[in-house]
Amino acid sequence: MMDPELASAIAATLAGDTESYAAVVRAFDDELRAFLARRCPNATVIDELCQDTFVIAYQRLAGFSADKGSFPGWLKGIARNLLLQQVEARERDTDRLRRLERFEIARARELMATDDSQLTKLRGCLGKLPPAYRDLLDRRYRDELPVSDLATALQRTASWVTTTLQRARDALRDCLRVPEIRS
Amino acid sequence: MSGSERLIALLELRRDGRAQPADLSEIDELLAQSNEVAAWAVESNELHRLLEQALRSPRRRDDAVEAAMRAVRALPRRSAASRVMGTVRGLDRRRARRARRGRRRVIRLFAGWTAAVAVIGIACGIWAVSQSGRGDPATFASGDGARIVRAGAESSLVAGAILATGDRIACGPGTATLTYADGTSLELLAGTRIEVQAGPGKRLSLPAGRMTAAVAPQRVPFAIATPHSVATIVGTRFVLDADVDRTRLSVNEGIVRIERPAGPGLDAAVIDVGTGHVAEARAGQALAAHAVEPLLSFDFEDGALPAHFAAGIPAAPPVAGGGRWCLAGTPEPQWAPDIDVVCIRRNGYVAFQDGLRCSLDFLVSEPVTTVGVMIYDANQGQNYGTEVAAPEPGRWHHLEFEFARLAPYLRSGERMAAGDLLDSLYIVPHGAVKLRLYVDDLVIWREVP
C-alpha cells in the first residue's frame with residue numbers, strides 16, 4: 001500500500017502543483033541512487049541518470065498505477081532503461097575500455113535484472129562499525145575529503161588512510177554478506 | 001608495498017580523480033593477474049559508490065533534490081533522456097560527417113580570407129605623456145621554447161635577451177612575455193610570431209597570433225603592424241587578435257580608433273572603441289563597438305574545480321601559460337561527463353541571448369583530428385557545437401566562438417532562440433586514445449550593441 005503522504009504528493013503533482021513533486025524526489029532519491037550506484041561505475045553519470053529518471057517519471061506520472069507495482073519499483077524500471085542505454089553506449093567502445101571498466105560493465109549487466117539496492121542493509125551495517133571506522137568513512141564520504149587531505153587532517157600517511165578505509169569497507173562487505181533473518 | 005596494497009592505493013587515487021594514465025595502466029596490469037583480483041576491485045568500487053550515496057551530506061541531498069526540481073520546472077519540454085542519448089547520437093553523426101567535411105572546411109576557410117580585408121588604426125591618448133618610448137629595446141622576459149632568428153641564424157631565446165631590429169621571434173608551446181624599460185609589457189600566446197621593426201619608439205609586426213598588451217604612456221606612438229592593419233598606441237591596455245577571418249580588438253583601458261577602408265560592398269568606417277568594449281573587422285559585417293557584459297570567468301588559479309564545472313581536474317599547466325593552474329581532462333572517444341572537461345554544470349543554465357560568446361585556451365598532449373566544443377540547449381533538446389581541426393599538440397591554442405554561430409548537431413536548420421537554457425558545455429578532443437586535454441582562461445560573456 002502506498003504511503004498516504006506520497007499518494008497525496010503524487011495527486012497534487014498530477015493536479016498541477018509542480019512543487020509537490022519535490023516530496024516525491026526527496027522520498028526516493030536515496031534508494032534510487034543506491035540502486036544506480038551498484039550498477040553504474042561513474043558518480044557523475046549516477047547523478048545524471050537519477051535526475052533523468054525523476055524527470056521522466058514526472059512526465060509519465062499519470063501512467064503510474066499502484067495496482068501494477070510499487071512506486072520505487074516503477075522508478076527503478078525507468079532508471080534501468082536509461083542505465084541500459086549508457087551501458088550499451090560504453091560497450092560499443094569495448095576495445096578502448098580499460099580492463100577495470102570492462103569488468104564493471106559486466107557487473108552492471110549481471111545486476112541489471114535485480115532491484116536490490118542494499119541501502120537498508122548497508123545502513124544497518126554502518127551502525128555496527130567500530131567508531132574509528134565510522135568516523136573515517138564519514139570524513140571520506142560525507143565531508144568528501146580526498147585521501148591526501150584525510151592523511152593531513154589525521155596526521156597519518158596516505159598509505160595508512162587507504163589501508164584503513166579498505167579495512168572499513170571489508171568489514172561492511174562481510175556484514176552485507178550475512179543473510180538477513182526476517183521474522 | 002605489496003601488490004594488494006598498491007592496488008588499494010591506486011584505486012583510491014582513481015576515486016579521487018587524481019590517477020594519471022600511468023596509474024590507470026598499472027591498475028590494468030594488476031587486474032590482469034587473476035579474475036579474482038578484478039572481481040575484488042569491482043566489488044570494492046561498488047561499495048565505494050554505495051557509500052558515496054549512503055553517506056552523502058544533507059547539503060548534497062538538498063542539492064540533488066533541487067537539481068531535479070529545476071529540471072522538472074523547465075518542463076514541459078523535451079524529455080531529459082534526450083540529453084543523454086542526444087549527445088551520443090550527435091557524436092555519431094559528427095564522426096560520420098567529419099571525414100567528408102574536412103576538405104570542404106579548408107576551402108571555405110581560405111575563401112573567407114579574401115573577403116576579410118580590414119585595416120585597424122589605433123590611436124588613443126587618455127593619459128598624460130610622461131615618459132619617452134624612443135629607442136626602447138624590448139627584453140625577452142619569459143617563454144618556454146621560444147626561438148629567435150637573428151641575421152639568418154636561429155637559436156633558442158633565453159630570459160633577459162635584448163631584442164634588436166630585424167629579430168624574428170616565434171613563441172614556443174607556452175605564452176611568452178616581452179617587456180620594455182618603461183613598464184610596457186606584451187604577452188604573446190603560444191605560436192604567435194612577431195618581428196622587431198626599425199623606426200623611432202617601439203615598432204613590431206604581428207604576422208599571426210594573439211597579443212595582450214599593457215602599454216605605458218608613449219611620447220612616440222607604439223606601432224604594431226598586422227597583415228591588415230597598423231595599430232598605433234599611445235598608452236592603453238588591449239588585446240589584438242588576428243587570424244584568417246577577422247581582426248578583433250578588445251580594449252581593457254583607454255580609447256582605440258579602428259579604421260576600415262572601403263572594399264567590395266563595404267563603405268569605409270571609423271569608430272572609437274572605449275574601455276570595456278570590443279570591435280571586430282570581418283567581411284560582410286558592420287563595424288561597430290559592443291559593450292562587454294561578463295557572465296562567467298574562470299582562471300582556476302585557486303586550484304579547485306569551480307562550482308560551475310561538472311568535470312575536470314585542477315592541474316599544473318604542462319607548459320608555461322598564464323598561471324599556475326589550469327583544468328585537465330582525460331577524454332575518451334565518447335562524450336563522457338566524468339573524464340571530459342565540462343563547464344556550465346547540468347541545470348546551472350546560461351540563458352542564450354544575441355551576442356553571447358565564449359573563449360578558452362586549450363592544449364592537447366597528443367595529435368588529434370579535432371577539438372570539439374558542444375553545448376546542450378535544454379529547450380530544444382538539441383546539441384550545438386563547433387570544432388578546431390588538428391591543433392598542434394603540446395602548445396596552447398585560443399578558441400573563441402559566438403553561440404549563435406554554433407552548428408546544430410541533431411536536427412539541421414535549427415537555431416538557438418532568445419531565452420533558451422544552455423548547459424553542459426563539453427570540451428573534447430577526438431582522434432587519440434590516450435591523451436590529456438588542458439583548458440585555461442574560460443570566459444563567457446555577452447556583447448551588447
Side-chain angles (χ1 to χ4, degrees), chain A residues 18-19 21-22 25-26 29-30 33-34 36-38 40-52 54-56 58-59 82 85-86 89-90 93 96 98-100 103-104 107 118-119 122-123 126 137-138 140-144 146-148 158-159 161-163 165-166 169 172-173 176, chain B residues 1 5 8-9 11-18 24-25 27-28 31-32 35 38-39 41-57 60-61 64-69 71-73 75-76 79-81 83-85 88 310-311 332-334 336-338 342 346-347 433:
Chain A
T18 302
E19 295 307 311
Y21 193 62
V25 176
R26 197 173 291 281
D29 193 46
D30 281 352
R33 282 171 178 279
L36 288 166
R38 290 198 66 199
C40 178
N42 183 297
T44 310
V45 176
I46 292 169
D47 282 346
E48 296 205 354
L49 292 183
C50 193
Q51 185 172 312
D52 284 349
F54 281 120
V55 171
I56 292 170
Y58 173 84
Q59 291 175 311
L82 293 175
Q85 292 172 348
Q86 280 283 334
R90 297 295 288 168
D93 274 324
R96 298 188 180 190
R98 292 192 176 276
R99 189 181 301 271
L100 180 56
F103 276 105
E104 286 180 324
R107 174 68 172 162
Q118 291 203 321
L119 182 62
L122 177 67
R123 284 178 172 156
L126 282 167
L137 290 177
D138 276 344
R140 173 72 165 145
Y141 293 104
R142 185 197 60 204
D143 302 341
E144 300 177 29
V147 167
S148 54
S159 176
V161 172
T162 54
T163 304
L165 277 171
Q166 190 54 46
R169 283 194 290 259
L172 285 173
R173 182 200 58 204
L176 287 169
Chain B
M1 186 182 282
E5 286 173 342
I8 290 168
L11 288 175
E12 218 60 69
L13 203 60
R14 181 178 182 264
R15 289 163 189 155
D16 281 338
R18 295 181 178 181
L24 299 173
S25 297
I27 291 175
D28 273 2
L31 295 190
N35 282 350
V42 168
E43 190 180 30
S44 175
N45 275 351
E46 188 181 313
L47 190 51
H48 164 77
R49 297 192 303 270
L50 200 52
L51 285 165
E52 275 184 324
Q53 303 304 329
L55 294 178
R56 69 199 164 118
S57 65
R60 281 279 189 197
R61 283 193 168 80
V65 173
E66 182 51 31
M69 288 305 294
V72 166
R73 290 184 199 111
L75 298 172
S79 164
R83 184 197 312 264
V84 176
M85 294 313 296
V88 175
E332 293 192 348
Q334 289 283 359
D338 57 327
V342 187
R346 187 183 181 80
N347 299 323
V433 176

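Below, chain A is the first sequence line, B the second, and so on; all start at residue 1.
- Interface remark: B:Ala39 contributes no atoms to any contact with chain A (heavy atom separation under 4.5 Å).
- Note: B:Arg15 CZ to A:Arg140 CZ = 7.5 Å, rounded to the nearest 0.5 Å.
- Between A:Val25 and B:Val72, the closest side-chain pair of non-hydrogen atoms is not below 4.5 Å.
- Remark: A:Ser159 OG to B:Glu12 CD distance equals 11.0 Å, nearest 0.5 Å.
- Options A:Arg142, A:Arg169, A:Arg123 differ in how many heavy-atom pairs under 4.5 Å they form with chain B, and the most are formed by A:Arg169.
- Residues B:Leu13 and A:Val147 fail the side-chain proximity criterion, which asks for heavy atoms closer than 4.5 Å.
- Contacts between A:Leu36 and chain B at a heavy-atom distance below 4.5 Å are absent for every atom of the residue.
- In this structure, CG on A:Leu137 lies 11.0 Å from NE2 on B:His48, to the nearest 0.5 angstrom.
- For B:Ala64 against A:Asp29, the heavy-atom pair with the smallest separation is CB-OD2, 3.6 Å.
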> Can you list the steps and then say if A:Asp30 with B:Arg56 is a side-chain contact (heavy atoms from CB on, under 4.5 Å)?
Replying inline: CA-CA 10 Å; A:Asp30 281 352; B:Arg56 69 199 164 118; 2.6 Å; yes
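- The two residues A:Gln51 and B:Ala68 come nearest to each other via the heavy atoms CG-CA, 3.9 Å.
- Contacts between A:Glu144 and chain B at a heavy-atom distance below 4.5 Å involve the side chain alone, from C-beta outward.
- The distance from the CG atom of A:Leu100 to the CG atom of B:Leu24 is 9.0 Å, given to the nearest 0.5 Å.
- Contacts between A:Cys40 and chain B at a heavy-atom distance below 4.5 Å involve the backbone alone (N, CA, C, O).
- With rounding to the nearest 0.5 Å, the separation of CG in B:Asn45 from CZ in A:Arg38 is 13.5 Å.
- For A:Leu119, the part lying near chain B is the side chain, with the backbone staying farther off; criterion is any non-hydrogen pair under 4.5 Å.
- For the set B:Arg60, B:Arg49, B:Gln53, the count of heavy-atom pairs under 4.5 angstrom toward chain A peaks at B:Arg49.
- Ranked by heavy-atom pairs under 4.5 Å with chain B, the list A:Thr163, A:Leu122, A:Asp143 is led by A:Leu122.
- Both the backbone and the side chain of B:Leu51 come within less than 4.5 Å of a heavy atom in chain A.
- If you measure heavy-atom distances from A:Glu104 to chain B, the contacts under 4.5 Å come from both the backbone and the side chain.
- By the 4.5 Å heavy-atom criterion applied to side chains, A:Arg98 and B:Arg14 are not counted as neighbours.
- Every residue meeting the side-chain contact (heavy atoms from CB on, under 4.5 Å) condition with A:Arg26, not counting sequence neighbours, appears here in chain and number order: B:Asp62, B:Val65.
- In this structure the side chain of B:Met69 never reaches within 4.5 angstrom of the side chain of A:Phe54, judged on heavy atoms.
- In this structure, B:Glu52 CD and A:Asp47 CG are separated by 9.0 Å, a value rounded to the nearest 0.5 Å.
- For the pair B:Glu43 and A:Arg107, the minimum side-chain heavy-atom distance is 4.5 Å or more.
- Looking at B:Leu50 and A:Leu172, their side chains never come closer than 4.5 Å, going by heavy atoms from C-beta outward.
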